[in-house]
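Below, read A as the first sequence line, B as the second, and so on, with proteins coming before strands; counting in each chain starts at 1.
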Amino acid sequence: AQKITQTQPGMFVQEKEAVTLDCTYDTSDPSYGLFWYKQPSSGEMIFLIYQGSYDQQNATEGRYSLNFQKARKSANLVISASQLGDSAMYFCAMRGSDQAGTALIFGKGTTLSVSS
Amino acid sequence: DSGVTQTPKHLITATGQRVTLRCSPRSGDLSVYWYQQSLDQGLQFLIQYYNGEERAKGNILERFSAQQFPDLHSELNLSSLELGDSALYFCASSVEWRGYTFGSGTRLTVV
C-alpha cells in the first residue's frame, strides 16, 4: 500500500531563514508523482510544487524547491527566505496506484510558523 | 478562484439528517475527487469519478454516496449524519498531468 509520512507536526522558523519540511513515501510503483500543498488558516488547498518519479532534476517553483532523493524515498520541501505569509499547514502527497485511481494520498501535514 | 466551485461553503445540520454537497470541476477536467479533512483523521480520500463513472473508492462510509452528472459536476450525499462526520469536505478536479485543483471546501458541522 502507498503511504506518505510527515514526521514533523510543527516547525518554527524566523523570517528570511530557509526551512525544510520532511516527507518520506512508500510505493512499489515505478511511476509516481509527488506533490506539496499549502493550507493556510483560511482552509483552501494551494498547490506548490510537483516532482515526477522519472524527473532527472529536482523541481523548483520560485522560493520552493523539492529535494528529491529517490533511493531514500524522500521528497522534502525547502522554502527559502521564509515570509510571515508562509505560516500554514503543509501537506505532502503522492498520486495513488491503480487501486486508488489517480487520487492523491496525503500525509498528516506539518504546521509551519514563521516569526518576525 | 481556483476554478473548482463547491457549495455550500458552510452547512450546519442535526444528527440523523441527510445533506448534499455540490462540486463543479475546473473546465475541461474529467476527474472529480472527494476528500474529508478532520482533525483526527487528516485528509482522507473518499471517492473518485471520471467522466461520469466511479473510478476508485477510498475510505468512504456506506452512509455516504456520490455521483457525477453528464455536465461533470458532482454531488456527495451524506446520510444518517453523526457528530463525527463534522469535517471540511473538499472536492478536487484534474486532467492528466495538469495537476490537481481543489475547491475551497464545505465545512460541515453536525450538532
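Shown are A/F35, A/Y37, A/Y32, A/F68; of these, the ring-ring contact (aromatic ring centres under 6.0 Å, His included) with A/Y50 is made only by A/F35.
Only the side chain of B/L88 has a heavy atom closer than 4.5 Å to any heavy atom of chain A. When heavy atoms are compared at a cutoff of 4.5 Å, B/Y35 approaches chain A solely by way of its side chain, counted from C-beta outward. Neither the backbone nor the side chain of B/Q44 comes within contact range of chain A; no heavy atom of the residue lies under 4.5 Å from a heavy atom of that chain.
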> How far apart are the C-alpha atoms of A/M94 and A/T27, what are their side-chain angles, what is the distance that settles it, and do they pass the side chain to side chain contact (heavy atoms under 4.5 Å, CB included) test?
Replying inline: CA-CA 9 Å; A/M94 177 166 58; A/T27 180; 4.0 Å; yes
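Side-chain atoms of B/R26 and B/T101 include a donor-acceptor pair closer than 3.5 Å.
For the pair B/E82 and B/R63, the salt-bridge criterion is met [side-chain N within less than 4.0 Å of a carboxylate O].
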